[in-house]
Amino acid sequence: MTRILLLLDHKENRRLLAQWLESFYEVGLPDSAQQLDEPFDLCLLDGPATEQWRQWLQERKASEQPVFLPVLLIVSRPEVGMATRHLWQGVDELITSPIEKVELQARVEILLRTRQLSLELHQANKQLEELNILKSQFCSMVSHEFRNPLTVIYSCAQLLEIYDEPWHREKRIGYLRRVEDAAQGMTKLLDNVLVISRSDLEKMECYPAALNLQEFCVALMEDMAHANASEASTVASNHNRFTFVCEGQCSLVMLDKNLLQHILTNLLSNAIKYSPQDSNVCLNVVCDEAKVIFQIQDGGIGIPPESLPRLFESFHRAKNVGKTPGTGLGLSIVKRCVDLHGGQIKVSSELGAGTTFTVTLPLAPLNSPPMCVSLDAGSSCQD
């Protein structure tokens with residue numbers, strides 16, 4: 001609610017004005033210096049109060065810059081000439097007494113509207129600055145993440161062209177797999193960028209439909225295990241072990257399959273990426289009539305406590321990831337997909353001991369009609 005601060009030396013005028021203004025606004029009548037520090041949208045004062053609070057007003061207005069903080073001065077007609085000098089010393093407008101209520105309300109509304117426009121402009125400028133930062137981070141990330149796979153593809157193509165005849169079939173297949181892996185990595189990056197861009201433009205939507213969750217999770221875990229084993233064999237190292245536990249009636253639930261794919265794939269990929277070889281990656285699923293709870297647990301490097309507040313920001317990565325490749329987009333995508341489901345995500349982590357993500361998604365009734373949920377509160381969804 002809009003708050004008006006009254007600093008009137010004349011007690012009866014202060015009482016009458018406060019009584020009338022309280023019908024439209026929240027009114028502050030500070031009786032201590034501590035109460036002056038509380039936020040307000042307009043200050044209304046008289047001549048004697050101006051002399052007393054001039055320095056404080058100038059400092060307070062300066063602290064709000066670049067947002068406009070209006071000050072309205074009440075003066076008698078004989079004092080108008082004297083009061084106008086204050087218009088450049090912290091006072092923005094004046095009104096003469098005796099006061100007409102209609103005129104006072106009009107001046108107050110104009111000043112408050114100006115402040116609101118100033119606040120909106122300031123917020124728009126902040127968003128523009130954030131977008132510029134994100135744009136710079138995005139260009140840097142894309143340049144870095146595309147450079148490595150393109151280098152792999154180019155070098156493998158050159159080697160295959162030069163040494164095609166003398167090489168054995170197994171060796172050629174090895175290089176071709178490296179090309180395929182690099183191309184798949186670039187495709188995944190482009191998919192993540194597309195998801196983020198659609199979400200930023202508030203075009204992502206959630207369409208829950210009947211899904212055999214147990215079969216879906218088994219297939220997903222098998223795909224992740226196969227990909228992990230293929231990568232491990234390429235670098236001649238051991239691979240992670242996978243555990244899947246399902247509790248409750250998970251054979252048929254109402255969830256958005258595509259959004260769920262983004263959630264689990266990104267969380268499981270991170271669990272694999274930041275865990276030591278031969279460690280265990282667990283997916284636990286618990287279903288009941290109202291919700292599904294997913295727990296993804298690993299024994300990896302953990303997340304530093306100072307990184308937890310920014311964990312779901314785009315392009316943010318913890319300082320302890322070292323040279324492990326990544327874009328900083330995965331968890332941002334997870335959070336947006338969870339929000340679209342109307343769910344919650346929590347994380348608990350200990351450095352060097354692993355991380356557990358817990359995702360809770362509410363379930364629509366199985367007999368409910370198809371529905372759409374959008375992050376854009378002003379939009380409507382249609383089948």
Any side-chain heavy-atom pair of Phe294 and Asn284 under 4.5 Å: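 No, too far: nothing below the 4.5 Å cut-off.
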Gln344, CD: over 12 other non-hydrogen atoms inside 6.0 angstrom: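 No - once you tally the heavy atoms of other residues, nucleotides and ligands closer than 6.0 Å, there are 12 at most.
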side-chain hydrogen bond (donor to acceptor under 3.5 Å, both in side chains) evaluation trace for Glu109 with Gln105: CA-CA 6 Å; Glu109 285 296 322; Gln105 186 171 16; 4.8 Å; no
Check: Asn266 and Asn270 side chains under 4.5 Å, non-hydrogen atoms: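 Side chain of Asn270 against side chain of Asn266, heavy atoms only: no contact under 4.5 Å found.
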Polar contact flag, side-chain donor to acceptor under 3.5 angstrom, Asp41-Thr2: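 Checked: Asp41/Thr2 side chains show no N/O donor-acceptor pair below 3.5 Å.
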Test item: Val75 and Asp46 side chains (from C-beta on) under 4.5 Å apart, heavy atoms: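 With C-beta onward as the side chain, the pair stays apart.
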4.5 Å side-chain heavy-atom contact, Leu283 and Thr243: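 Leu283 vs Thr243: side chains apart.
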Spacing of CG belonging to Leu7 relative to CG belonging to Leu44, to within rounding of 0.5 Å: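 It comes to 9.0 Å.
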Glu38 CD to Phe40 CZ distance, which is reported to the nearest 0.5 Å: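 It is 10.5 Å, given to the nearest 0.5 Å.
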Which atom of Leu351 lies closest to which atom of Pro305, heavy atoms considered: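 Scanning both residues, the minimum pair turns out to be CD1-CD, 4.4 Å.
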Beyond-backbone contact of Leu72 with Cys43, side-chain heavy atoms, under 4.5 angstrom: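 Of all side-chain heavy-atom pairs linking Cys43 with Leu72, none is under 4.5 Å.
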Glu100 atom CD: more than 12 heavy-atom contacts under 6.0 Å: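 Result for CD/Glu100: open.
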Expected output: side-chain Ser349 to main-chain Thr355 donor-acceptor under 3.5 Å: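 Answer holds: no.
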Check: Glu59/Gln55 side-chain N/O donor and acceptor closer than 3.5 Å: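 Glu59 vs Gln55: donor-acceptor pair found between side chains.
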Shortest non-hydrogen contact between His262 and Cys337, atoms and distance: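 What the structure gives for the nearest pair is CB-SG, 3.8 Å.
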N/O donor-acceptor pair under 3.5 Å between Ser118 side chain and Thr114 backbone: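 Flag not set: sc Ser118 to bb Thr114 has no pair under 3.5 Å.
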Listed partners of Cys287 passing disulfide bond (SG atoms under 2.5 Å apart), at least two apart: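 Scan of Cys287 (disulfide bond (SG atoms under 2.5 Å apart), adjacent residues dropped) gives Cys250.
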Verify same cluster id: Val285, Ile293 (apolar side-chain graph, 4.5 Å):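 Different clusters: Val285 never reaches Ile293 through Ile, Leu, Val, Met, Phe, Trp or Tyr contacts under 4.5 Å.
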Gap between atom CG of Leu21 and atom CZ of Arg3 - 0.5 Å precision: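 The distance works out to 12.5 Å.
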Smallest separation among heavy atoms of Leu361 and Gly343, with atom names: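 Heavy atoms of Leu361 and Gly343 come nearest at CD2-CA, 4.2 Å.
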pair Val281-Leu268: side-chain heavy atoms closer than 4.5 Å: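 Yes, their side chains come closer than 4.5 Å.
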Between CD on residue Glu93 and CD1 on residue Ile74, distance to nearest 0.5 Å: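 Glu93 atom CD to Ile74 atom CD1 measures 12.0 Å (nearest 0.5 Å).
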Cluster check Val27, Trp20: I/L/V/M/F/W/Y, side chain < 4.5 angstrom: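 In one cluster: yes.
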Worked check of side-chain hydrogen bond (donor to acceptor under 3.5 Å, both in side chains) between Asn212 and Ser251: CA-CA 5 Å; Asn212 189 321; Ser251 58; 5.6 Å; no
Side chain to side chain contact (heavy atoms under 4.5 Å, CB included) between Thr360 and Val292, worked out: CA-CA 6 Å; Thr360 303; Val292 179; over 6 Å; no
Pairs touching residues 279-305 that satisfy salt bridge (Lys or Arg N to Asp or Glu O under 4.0 Å), sequence neighbours left out: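 Non-adjacent pairs meeting salt bridge (Lys or Arg N to Asp or Glu O under 4.0 Å): Asp288-Lys291.
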hydrophobic_cluster_shared for Val253 and Val218, side chain cutoff 4.5 Å: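 Yes, because Val218 and Val253 connect within a single hydrophobic cluster, where side-chain heavy atoms sit under 4.5 Å apart.
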Pairwise distance OG1(Thr265) to CD1(Ile263) - rounded to 0.5 angstrom: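 Thr265 atom OG1 to Ile263 atom CD1 measures 10.0 Å (nearest 0.5 Å).
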Short side-chain to backbone donor-acceptor contact, Arg107 and Ile95, under 3.5 Å: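 Not confirmed, Arg107 side chain does not pair with Ile95 backbone.
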Worked verdict on Leu267 versus Val334 for side chain to side chain contact (heavy atoms under 4.5 Å, CB included): CA-CA 8 Å; Leu267 290 177; Val334 169; 4.1 Å; yes
Gln295 side chain to Thr358 side chain, donor-acceptor N/O pair below 3.5 angstrom: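 Yes, because at least one side-chain N or O of Gln295 sits under 3.5 Å from a partner of the opposite role on Thr358.
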Main-chain N/O of Phe68 paired to Arg115 side chain as donor or acceptor, under 3.5 Å: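 Present.
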Backbone N/O of Asp256 and side chain of His341: donor-acceptor pair under 3.5 Å: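 Side chain of His341 to backbone of Asp256, a donor-acceptor pair under 3.5 Å: yes, one is there.
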Path from Leu29 to Leu8 over hydrophobic side-chain contacts below 4.5 Å: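 They do share one cluster, since a chain of ILVMFWY contacts under 4.5 Å joins Leu29 to Leu8.
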Distance, nearest 0.5 Å, that separates CG of Asn258 from OH of Tyr207: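 Between atom CG of Asn258 and atom OH of Tyr207 there are 11.5 Å.
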Backbone of Val71 reached by a side-chain donor or acceptor of Asp92 within 3.5 Å: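 Side chain of Asp92 to backbone of Val71: a pair is present.
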Polar side-chain atom of Ser279 near backbone of Pro276 as donor-acceptor pair, under 3.5 Å: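 A pair under 3.5 Å: yes.
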Qualifying side chain to side chain donor-acceptor pair (under 3.5 Å) pairs, either residue in residues 4-14, two or more places apart: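 Counting only pairs at least two positions apart or across chains, the side chain to side chain donor-acceptor pair (under 3.5 Å) contacts touching residues 4-14 are Glu12-Arg15.
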ILVMFWY cluster, Phe242 and Ile296 together (side-chain gap under 4.5 Å):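 Linked, Phe242 and Ile296 end up in one cluster.
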